[in-house]
Number of protein chains: 2
Amino acid sequence: MTKATDGKRIGASERTLDILTFLGEAGHATVTEVADRLDAAKSTTHYHLKTLEDAEFVVRTDGGYRVSLNFLTMGHELVSRMGVYQVGKPKVDRVARETGELCILMVEEHGYGYYVYDNRGEGAVNFDTTGNRKRLHDNALGKAVLANLSTERVDEIVERHGLPATTAQTITDRTALDAELETARDEGVAFDREEQLDGLCCVAAPIRSTHASGSDPVEAALSVAVPASRARDDYFNEELPHVVSDAANLVELELQEY
Amino acid sequence: MTKATDGKRIGASERTLDILTFLGEAGHATVTEVADRLDAAKSTTHYHLKTLEDAEFVVRTDGGYRVSLNFLTMGHELVSRMGVYQVGKPKVDRVARETGELCILMVEEHGYGYYVYDNRGEGAVNFDTTGNRKRLHDNALGKAVLANLSTERVDEIVERHGLPATTAQTITDRTALDAELETARDEGVAFDREEQLDGLCCVAAPIRSTHASGSDPVEAALSVAVPASRARDDYFNEELPHVVSDAANLVELELQEY
DNA sequence: AAAGTGTGTTCGACACTATCGAACTGACGT
DNA sequence: ACGTCAGTTCGATAGTGTCGAACACACTTT
């Protein structure tokens, strides 16, 4: 197990939060649906939902419930307060403008990679981004992050989320992943050659943050995504890696002055 | 009071959610800070936070806690599932492209207006948008919505959120607001002449949704925002109102076919 | 080095309350 | 008028959320 067994939790709140996540995934559900799903009495579920509605975390619509738009607002505020975002955004914008490609800023959390900001240049690929949550093993951003985490944390993450494949190229083997991370450490950048999505290739560089009191030093990464057709030769193997690690480095430096 | 007194709530969960909203507003806080703020024992707060962390709604950083990036993701998913967004987005894009101005899509919830999508054309004003939550009385979007709500709901909202002023032009008087809403109903569009922000003017049209089982029929609006310098003559008083209500109408129609 | 602050954390006991199931309402269908 | 779906209320019991005091730990300060 990861860490969940020790200490005491609050049962009632756990239920409420379970309902929230369930509603988030399902999108829309009725009281009875939720009650069935959580193995709770309809009445109990009712009280939970009323509490959630009161606190404006949930909304009634079309004879049922869904999560509130507060999530959008809170997420937006959270991101705009993050240091990595503040100093990273202008860099992403510049890279997107100069390369004409799609440029993304990712932050690690709970073993996932969250797309926190993106900007697409002229001829950029069309690929859904900001707000998305991705696994770390199947894309350049994620691997750039993993490469700079301690082996214990990598173990923990792999154990928790597994190594599911989304294309034929996805790395699904742990030792292969370790080798990949090793070279990523050496080169300072990580690559993704259609491992996440057919036809999509990426280069990413890690953003190591220093104040890093406790845990690990890396928590973010910056990437450029290009269509596979442009993922060749010096452009993809030399030029873009330079651009990306340059930008990431700038972010790291600016981050040190809070 | 609004509705809060009747029925039973779950105390423990209320606390947990209070902590969440507090963390959302504060951005970052320690256990003791939260405990002080909520008038709860440090130990109790600790258990709540542990529960929240477990459920991945909260994250430990820099000797303290903040809400998780899950909020961003859940908010994003929620929005992309909303019908108004799906059919509204392309219209917003088109209006932004054709007018060259900033175009916004808003959805009402809990008496607030949430900016759900925006797109800015060439010479558009720079004004923070998506994810923002606004009062309804001080901007065109909000007034377009209010104009189509029942008087009871307007009463409720005004009582709950008041009519605070953000510029010298903000409507702070209830009867003045009613008059404004009356003309908005007549004209089919609502205006904002620097009532929310100095130098910013808007025109907005309501998007009435029909499936509207229970409550009120309106829940969204679409607007164009321009710098005050361009808010004159036919352009602002005739042309933009036409563009905006055309687009809003299209959305309404498409929404009827689910 | 020892005393000070600030974290987060554990413990045990009591009062409180979250929980359940059954019974109720109210809308839509038929 | 009946059925079925939604959400809602009720009362009793078992369970647990709550508190405060004491704890460990990492730091400055003295």
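The sequence lines fix the lettering, A, B, ..., with proteins before strands; numbering per chain opens at 1. Keep in mind the model is a prediction, meaning the values are calculated, not measured.
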Please state how far atom [atom1] in [X] lies from atom [atom2] in [N], giving the value in whole angstrom units.
X       : N      : atom1 : atom2 : value
B:Arg60 : D:dA26 : CZ    : P     : 13 Å
A:Lys50 : D:dA6  : NZ    : P     : 18 Å
B:Ile19 : C:dG8  : CD1   : P     : 12 Å
A:Leu38 : C:dA18 : CG    : P     : 17 Å
B:Asp62 : C:dG6  : CG    : P     : 19 Å
A:Asp36 : D:dG7  : CG    : C1'   : 14 Å
A:Leu49 : C:dA18 : CG    : P     : 15 Å
A:Asp18 : C:dA18 : CG    : P     : 17 Å

Taking [X] for its side chain and [Y] for its backbone only, find out whether a donor-acceptor pair lies under 3.5 Å.
X        : Y        : value
A:His137 : A:Pro164 : yes
B:Asn70  : B:Glu56  : yes
A:Asn148 : A:Ala144 : yes
B:Glu109 : A:Leu69  : yes

**Matching residue for A:Val79 among A:Tyr114, A:Tyr117, A:Tyr85 - test: side-chain contact (heavy atoms from CB on, under 4.5 Å)** = A:Tyr85
**Asked** Between B:Phe71 and A:His76, does the ring centroid distance fall short of 6.0 Å?
**Response** no
**Message:** Base contacts versus sugar-phosphate-only contacts with protein, heavy atoms under 4.0 Å: please encode nucleotides 16-21 of chain D as B, S and - from 5' to 3'.
**Reply:** -BBBB-
**Prompt:** Is the shortest side-chain N/O distance from B:His46 to OP1 or OP2 of C:dG8 below 4.0 Å?
**Reply:** no
**Request:** From the options C:dT7, D:dA6, D:dT9, select the nucleotide whose nearest atom is closest to the side chain of A:Thr30.
**Result:** D:dA6
